[in-house]
Structures are given as structure tokens and as C-alpha cells.
Asks: 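Please find one structure pasted underneath; my questions will follow.
Quick note: residue numbers are just sequence positions, from 1. As the structure lists them, so they are numbered: ligands from 1, and atoms in each ligand from 1.
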Amino acid sequence: MKDSKFLRALDLQKNSIPPVWFMRQAGRYLPEYQAIRKNYSNFLDMCKQPKICAELALQPIDRYGLDASILFSDILTIPDALNLGLGFYEGEGPKFSNPISSPQDIDKLMPFDVNNLDYVFKAVEETKNLLPKNIPLIGFCGSPWTLAAYSIEGGGSKDFNKTKIFMKENPDELQKFLEILSNACYEYLRQQVLSGVNALQIFDSWADLLVNNELNRFSLKYTQMLTHLLKADPVTANIPIILFEKSPNKKIVDILFEEITCASLHWKEDIKKVAKKLKNKYAIQGNLDPKILLNSDESIWDETQKICNVMKDYPGFIFNLGHGITPDIDPCKVQVMINAIRQ
Ligand code: 1CP
């Protein structure tokens with residue numbers, strides 16, 4: 001794909017106008033998404049319809065002319081494929097009917113079969129068919145740690161207390177589970193690449209639950225196991241990898257490792273400081289605080305331009321939010337941000 005500003009940035013090249021896409025760009029803040037979503041009581045049933053997923057992935061591309069598309073799916077498809085029984089029902093987040101409650105549950109897990117996620121790979125193919133030829137598609141997965149946290153907790157949570165207790169009481173079994181998840185993520189991403197994705201993003205959305213050496217021991221070690229597998233495989237070796245760590249207790253510059261192409265910065269990171277350390281080594285994606293999109297147009301314009309100005313000479317900059325967009329954002333405010341980037 002020759003004409004992609006996004007892929008050029010991942011190749012550490014400068015673009016006169018930075019490419020832009022944003023985390024959770026398809027989803028609940030868009031009325032066109034809600035119009036389709038209302039036909040499904042369980043969100044996962046919608047994710048299992050490849051043609052619908054393709055249509056949803058295209059919605060923000062059609063509306064805003066973004067420079068990259070992200071597969072419409074969810075990170076929790078892997079624990080669902082391990083038979084943990086995922087459902088998303090009215091007014092609730094994700095819930096597992098069969099969570100990991102004890103070390104025995106890990107021993108009893110059925111082997112991961114990537115074919116159970118065929119609906120995702122079909123969604124990749126359908127999305128590629130609809131996308132303009134110069135717009136790349138990003139595939140993704142959750143980090144092994146983040147997937148383990150949801151699997152043990154049985155769904156979303158403010159504090160993930162069950163997970164923290166499980167980690168303290170059963171660290172060896174947890175590591176066994178993390179290894180299973182690392183291999184599953186590898187097979188999952190490999191198949192996404194075979195189906196047509198052009199880049200990969202790993203979401204470590206619960207990195208901030210881990211303190212001190214726990215971050216290395218339970219998260220980064222397994223993300224790295226995953227990226228080693230990807231780099232050792234000729235199918236995936238040359239696919240750029242973007243890493244998002246949500247507000248880890250360490251700075252991103254102290255966490256990154258060789259296999260990563262691009263750091264997706266959380267909004268709490270100081271992009272100017274990070275850019276100084278990462279220049280010519282890693283691409284950077286980020287990092288407007290999504291809450292800024294609740295402010296006045298002037299404020300959105302100023303904050304967006306601030307980031308663009310800091311990054312204007314950085315080889316490999318991709319404009320993004322510092323975490324996913326939230327359902328309370330007015331889609332018109334997103335347009336203000338995009339205009340400020342492209343002005
Ligand atoms: O009710 C609804 O309409 C479902 C809302 C929704 C959507 C639109 C969920 C449930 N998932 C998604 C799609 C999704 N999820 C995408 C593709 C859309 C896009 O980005 O354009 C992606 C990339 C994700 C990734 C995802 N899912 C993450 C990582 C990113 C992040 O925000 O940190 C996480 C943590 C999830 C879990 C999840 N799925 C859905 C919800 C509400 C949640 C969060 C649960 C929680 O912790 O409370």
C-alpha cells in the first residue's frame with residue numbers, strides 16, 4: 001500500500017499533515033452506530049456478523065475521511081473463544097458466565113482454537129473489500145494481562161479486586177494462563193494478518209493495575225512473548241506493531257522494547273518529553289485527552305494544534321486520542337479536532 005500516510009508514519013517518515021485515526025473511532029458516540037446497534041440485544045452477536053462489522057468500521061472513515069481504519073470487533077473475543085461465556089447486555093459492560101475463579105479453572109481450559117474466531121477473520125476480509133485502497137486496516141488484540149484481568153474479574157470493574165487477589169494468591173497459575181493467552185493472541189493476530197490487516201495494535205488497557213515489578217512480571221513479559229512470536233513468523237515479521245499502555249506506573253520510555261514500532265501514548269504522558277527520547281527510534285501516536293472533546297471548539301482547536309506543533313518535525317507522528325473516545329462526545333466536536341489537524 002503505497003499512498004498511506006499512516007503506514008509512512010509507522011515507517012518513521014515525516015508527513016506534512018499528520019495522519020489521524022482514533023481509538024474507539026467506531027462506536028457508541030455515533031448516531032449511525034446506534035442505529036445498527038439497536039437491532040442486537042447482545043453486542044457480541046453483532047460482532048459475529050462480518051458484513052455488519054465492515055459497515056461499522058467504515059462509518060467513521062466515511063464521516064471524517066480518517067487515515068486508518070480499525071477492525072470492528074472487541075478484545076474479549078479471545079476469552080469468549082476459550083469458553084468463558086461472554087455476553088454484553090443492556091446497560092451493562094461485558095460479563096463472563098464462566099470466569100476464571102480458581103487455578104483449577106485454568107487447568108480445565110479447553111485448548112485455544114483460532115478457528116472459533118473465524119467470524120473476526122471474515123470481518124477483516126469484508127472490511128478490506130469496502131475500504132478505499134489507500135486506507136490501511138488495523139488489526140488488534142488485548143494484551144495477555146488485560147485479557148486475564150477481564151477473564152478473572154468476570155467482566156469490567158473499577159478496581160479489579162478479584163484479579164489482584166488472584167495474582168497475590170496464585171502467581172504461578174496466573175503466569176500459566178498468561179502464557180496460554182500470549183499464544184492465543186499470536187495465532188489470532190497472525191490470522192488477522194493473513195486475512196488482510198496492515199498493522200497491529202495491542203491494548204494493555206489495565207496496565208495501571210500493576211505496581212513496581214508486577215508490570216514486568218505479569219504484563220510486559222507476556223506482551224513481549226507475543227511480539228517475539230510475531231517477529232519470528234515470516235507471515236507477521238514485517239507488520240508494524242503499535243502498543244498502548246494505559247497509564248502504567250512506569251513511563252512509556254522505560255517500557256518500550258525492540259519489536260514495537262509505535263508507542264500509542266496515554267493522555268497523561270508528556271508528548272514533548274517522550275518525543276525527545278524516542279525520536280528516530282519509534283513512531284508516536286497520540287495523545288489528546290478525550291475529555292477535551294467536551295470543551296468549546298476553541299479549546300479543542302488550541303489543544304489539538306499544541307500537539308501538532310510539538311510534533312511537526314517528528315518523523316513518524318500519528319495524531320490520536322490518549323485513550324478511547326467516550327459515548328458522551330458530540331461527533332461535531334471530533335470534526336473540529338480533525339479540522340485543526342488538517343488546517
Ligand atoms: O454497547 C455497545 O454498543 C458496545 C460498546 C463497544 C464497542 C463499540 C464495546 C464493548 N466494544 C466495542 C468495540 C471495540 N472495542 C473496538 C472497535 C471499535 C473501534 O475502536 O473503532 C475496539 C478496538 C475495542 C477494544 C476494547 N474493548 C478495549 C481496548 C481499548 C480501550 O478502550 O482501552 C477494551 C478495554 C474493551 C473491552 C470493552 N468492550 C466493550 C466495553 C464497554 C469494554 C470496556 C469494559 C469495561 O472495562 O468496563
Asks: Answer yes when Lys51 and Glu126 have at least one side-chain N-carboxylate O distance shorter than 4.0 Å, and no when they do not.
Replies: yes
Asks: Please determine if Arg8 and Asp11 form a salt bridge, counting it only when a charged side-chain N lies under 4.0 Å from a carboxylate O.
Replies: no
Asks: Can a salt bridge be assigned to the pair Lys176 and Asp107 using a cut-off of 4.0 Å between side-chain N and carboxylate O?
Replies: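 The answer is yes: the pair qualifies as a salt bridge.
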Asks: Are side-chain N/O atoms of His266 and Glu245 paired as donor and acceptor at under 3.5 Å?
Replies: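 The criterion, which ignores hydrogens and geometry beyond distance, is not satisfied for Glu245 and His266.
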Asks: My understanding is that only residues two or more places apart in sequence, or in another chain, count here; which of them pass ring-ring contact (aromatic ring centres under 6.0 Å, His included) with Phe96?
Replies: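 Here no residue qualifies.
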Asks: Quick one: does any side-chain atom of Lys333 pair with a main-chain N or O of Asn295 as donor and acceptor, under 3.5 Å?
Replies: yes
Asks: List by chain and number: which residues place a heavy atom under 4.0 Å from ligand 1?
Replies: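 Residue list for ligand 1: Arg24, Gln25, Ala26, Gly27, Arg28, Tyr33, Arg37, Phe43, Ile70, Leu71, Phe72, Ser73, Asp74, Ile75, Phe88, Pro94, Phe140, Tyr150, Gly156, Phe203, Ser205, His323.
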